[in-house]
**Q** 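Provided herewith is a single structure, encoded as structure tokens, for subsequent inquiry.
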2 protein chains.
Amino acid sequence: MKPITIEDVARLSGVSRGTVSRVINGSQNVNSETRKKVLEVIEKLGYRPNQSARRTAGGRSSTIGIVIPMIGTEFYERLIKSMEEKLRAQWYTMMLFPVLKRDWLSKVMMHDIPNSDAAGMFLCSFDIERLFSSFRKPFEGPTVLVDSYSPLYDSIYIDNELGGYLVGRKFSHLEGSTHVIMMQEYIDSGFWPVFNSRFKGFQKALLENGKSLPHRNVHSYDFSWSAGALAARDIFDNDRPPFNIFAMSDLYAFGVMREAQLRGLRIGRDVKLVGYDDQSVARDWGITTVRQPIEEMGEKAVDLMFKRLERPGKEVESLCLKPEIVERESA
Amino acid sequence: MKPITIEDVARLSGVSRGTVSRVINGSQNVNSETRKKVLEVIEKLGYRPNQSARRTAGGRSSTIGIVIPMIGTEFYERLIKSMEEKLRAQWYTMMLFPVLKRDWLSKVMMHDIPNSDAAGMFLCSFDIERLFSSFRKPFEGPTVLVDSYSPLYDSIYIDNELGGYLVGRKFSHLEGSTHVIMMQEYIDSGFWPVFNSRFKGFQKALLENGKSLPHRNVHSYDFSWSAGALAARDIFDNDRPPFNIFAMSDLYAFGVMREAQLRGLRIGRDVKLVGYDDQSVARDWGITTVRQPIEEMGEKAVDLMFKRLERPGKEVESLCLKPEIVERESA
DNA sequence: CTGAAAGCGCTTACAG
DNA sequence: CTGAAAGCGCTTACAG
């Protein structure tokens with residue numbers, strides 16, 4: 001069974017292919033009677049225009065690609081959802097390219113994306129300059145950086161240094177020992193360095209208030225549910241309360257919380273705890289945390305894309321969003 | 001700056017477009033000298049074939065679409081990763097279509113997918129028959145159902161009834177009161193009913209052992225980190241230990257665990273607890289759970305797709321995978 | 001408002 | 001092994 005083409009629609013409507021094309025593309029220059037007739041036939045036949053053909057014939061693509069480093073986290077779920085919402089309102093289709101393995105990064109960048117026929121591309125959380133020292137620029141069309149920054153591209157990101165600073169300022173007036181749990185970031189990782197920025201801001205605030213953070217109070221772990229508990233075990237075993245712990249992800253904070261409770265330490269009193277991200281787990285368990293305006297970032301990213309699509313030659317624009325502390329019981 | 005076309009390559013190589021095309025498509029019928037020359041020019045120019053044009057000219061698409069109901073969970077992260085791994089080995093590109101809002105389901109099915117130019121389509125966790133009573137079949141090409149079943153399509157899924165049954169059998173020899181925490185499933189939701197199947201199997205095992213489950217011992221909640229704790233609170237307040245709790249997701253199980261510890265109930269003794277999914281949180285916190293062979297499901301799904309791509313007319317094939325209990329400290 | 005026609009960048013028999 | 005040519009399903013000036 002052959003697919004239905006514009007030719008079939010034209011024949012049954014008694015008009016030319018050109019007219020059908022005009023109807024499909026919403027041209028004003030079609031008699032409303034004709035349009036109605038054509039639309040009827042389209043409906044009856046179940047005709048869908050072949051997108052590949054439209055594009056090779058010079059029509060605009062209406063898909064937008066999004067590259068993200070992972071799925072399976074609340075952060076990207078929320079980000080993607082807010083972006084898709086806005087994209088759909090303008091009839092764009094979203095195509096997701098998750099880079100689920102480090103090895104795939106070059107394949108996604110050099111192969112999948114150039115072939116994707118997207119009108120534009122969002123690149124999320126990657127450090128594009130580091131990426132393009134090893135990769136050829138993969139995509140000629142409009143590119144918007146989300147959750148990262150480069151002077152060469154439109155971009156929107158959240159001020160991680162400020163996030164860390166806010167927590168540091170809060171902690172600098174507290175009694176007791178101060179600890180940080182973070183993820184180790186490698187220079188060659190290709191990711192926008194969020195943890196290091198948070199750390200920088202945190203340390204800056206402490207220094208401003210005459211406090212310093214011993215190197216041994218910085219705990220680096222991988223990213224997992226148990227990491228926070230392991231770190232907490234280490235902290236509780238080798239130091240004395242009260243503890244002030246900045247867990248740079250709610251995941252970590254949660255592990256700390258659990259370990260503390262097992263030991264009878266009171267969260268909010270013996271242990272002051274601040275997480276990061278305001279994930280549902282922080283809301284559910286009363287963890288003070290740093291909220292990132294994820295949805296706002298997604299929406300404004302789409303705005304940047306639309307502007308760029310309209311005026312490809314316009315000057316590069318960059319937006320920086322502010323995080324804020326959400327006070328709960330844990331600190 | 002105009003994109004480089006096959007014409008440019010042909011001209012600079014001193015051959016015809018046809019020959020360049022043969023080189024691109026790996027045809028054997030090209031003199032190796034000619035091929036070398038053409039390849040050089042391609043490299044030098046940085047030429048990339050226009051995929052849209054290839055497809056409209058009758059070439060095969062090498063992208064595969066995957067529709068999933070959500071991102072942000074470990075289940076889909078693992079599933080997608082295992083599928084992409086196999087797809088990439090055969091030079092296919094994966095395009096993800098998450099359906100992040102219920103309203104978008106029809107748009108994704110009727111618009112995005114038909115336009116996606118995919119050679120084949122995976123549909124994950126949706127109840128396709130219920131879907132297609134309201135939607136026209138969106139996609140003519142090879143379709144493989146993953147994590148759901150229909151006699152009309154190739155499919156692979158995990159035996160949820162068995163999963164529930166295994167837990168039920170384990171619980172039927174235990175002293176104390178038995179409770180279930182699950183998600184309420186609505187008939188019109190369009191999702192493959194996994195919780196109901198688990199419940200069915202669970203109840204069956206209890207009945208076989210002469211036990212019954214009072215209706216009030218079934219606790220339905222939405223899907224969140226706090227739901228398990230809320231359910232546990234309800235259970236602990238209104239019943240007496242020992243408790244046997246089947247939390248049909250590790251997320252729920254985790255909430256139960258925390259609430260129990262806050263009350264000084266000993267997990268594994270006062271509270272026997274079984275989760276579902278073997279997520280990292282279950283591994284990290286010692287929760288007995290039902291492991292689903294997610295990666296195996298992903299890989300075999302891709303096998304089904306390849307078979308179907310090769311022989312579009314072959315008989316429909318259906319695979320059912322078995323879950324198993326992972327024993328840990330909690331039960 | 002509409003049709004005829006050229007063109008988009010490819011692929012693929014066909015003939016040699 | 002290769003070129004010339006027809007064709008894929010569309011779009012878009014152009015002319016009327």
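A note on names: the letters A, B, ... follow the listed sequences, proteins ahead of strands, and every chain is numbered from 1. Note that the coordinates shown come from a computational prediction; the quantities given were computed from them, not determined experimentally.
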**Q** Among all residues two or more places apart in sequence or in another chain, which pass the salt bridge (Lys or Arg N to Asp or Glu O under 4.0 Å) test with B/Glu295?
**A** B/Arg78
**Q** What is the distance, to the nearest angstrom, from the CD atom on B/Glu33 to the P atom on D/dT2?
**A** 10 Å
**Q** Can you check whether A/Asn50 has a side-chain N or O nearer than 4.0 Å to OP1 or OP2 of D/dC8?
**A** no
**Q** Have a look at B/Asn29 and say if it touches a base, only the backbone sugar-phosphate, or nothing, with a 4.0 Å heavy-atom cut-off.
**A** base
**Q** Can you establish whether the number of heavy atoms outside B/Lys44 located under 6.0 Å from its atom NZ is more than 12?
**A** no
**Q** Could you tell me whether B/Asp303 and B/Lys300 make a salt bridge, using a distance below 4.0 angstrom between a side-chain N and a carboxylate O?
**A** no
**Q** Wobble G-U and Watson-Crick pairs count when both distances are under 3.5 Å; given that, what is the 5' to 3' dot-bracket string of DNA chain C, with | for pairing to other strands?
**A** |||.||||||||.|||
**Q** Between C/dT11, D/dC1, D/dC10, which one does the side chain of B/Ile6 approach most closely?
**A** C/dT11
**Q** Are the side chains of A/Ile66 and A/Cys124 in contact, using a 4.5 Å heavy-atom criterion?
**A** yes
**Q** Strictly below 4.0 Å: does B/Thr56 bring a side-chain N or O up to OP1 or OP2 of C/dG9?
**A** no
**Q** Is there any salt bridge (Lys or Arg N to Asp or Glu O under 4.0 Å) pair reaching into residues 12-36 of chain B, and which pairs are they, with sequence neighbours excluded?
**A** B/Glu7-B/Arg17
**Q** Contact between B/Thr5 and B/Asp8 at the side-chain level, heavy atoms closer than 4.5 Å - yes or no?
**A** yes
**Q** Once you round it to whole Å, what is the distance between C1' of C/dG9 and OH of B/Tyr47?
**A** 7 Å
**Q** With respect to the phosphate group of C/dC8, does any side-chain polar atom (N or O) of B/Thr5 fall under 4.0 Å of OP1 or OP2?
**A** no
**Q** Separation of A/Ile42 atom CD1 from D/dC10 atom P, in whole Å?
**A** 10 Å
**Q** Sequence neighbours left out, what passes ring-ring contact (aromatic ring centres under 6.0 Å, His included) with A/Phe75? Give chain and number order.
**A** none
**Q** What is the distance from CZ of A/Arg54 to C1' of C/dG7, rounded to the nearest Å?
**A** 17 Å
**Q** Just jot down the salt bridge (Lys or Arg N to Asp or Glu O under 4.0 Å) partners of B/Glu299, sequence neighbours excluded, or say none.
**A** none
**Q** Please report the distance, rounded to the nearest Å, between CG in B/Asn25 and C1' in C/dA13.
**A** 14 Å
**Q** In terms of side-chain heavy atoms of A/Val30, which of D/dC10, D/dC8, C/dT2 is nearest?
**A** C/dT2
**Q** Answer with base, sugar-phosphate or nothing: what part of the nucleic acid does B/Ser21 contact at a heavy-atom distance below 4.0 Å?
**A** base
**Q** Please find the pair of heavy atoms, one from B/Ser155 and one from B/Ser148, that lie closest to each other, and give the distance.
**A** CB-O, 3.5 Å
**Q** Can you tell me the distance, in whole Å, between the CZ atom of B/Arg55 and the P atom of D/dC10?
**A** 15 Å
**Q** Mind calculating the distance between CD1 (B/Ile4) and C1' (C/dG9) to the nearest angstrom?
**A** 14 Å
**Q** Give every pair of a protein N or O atom and an N or O atom of nucleotides 3-5 of chain D that lie under 3.5 Å apart, one pair per line with the distance.
**A**
from, atom 1, to, atom 2, distance (Å)
D/dG3, OP2, B/Ser16, N, 3.0
D/dG3, OP2, B/Ser16, OG, 3.0
D/dG3, OP2, B/Thr19, OG1, 2.6
D/dG3, N7, B/Arg22, NH2, 3.3
D/dG3, O6, B/Arg22, NH2, 2.6

**Q** Side chains of A/Arg54 and A/Asn25: any donor to acceptor distance under 3.5 Å?
**A** yes
**Q** What is the separation between atom CD1 on A/Ile24 and atom C1' on D/dT11, rounded to the nearest whole Å?
**A** 10 Å
**Q** Within the modelled atom types, does a donor on one side and an acceptor on the other bring the side chain of B/Ser52 and the base of C/dG9 under 3.5 Å apart?
**A** no
**Q** Which of these nucleotides, C/dG9, C/dT2, D/dC1, is closest to any side-chain atom of A/Asn31?
**A** C/dT2
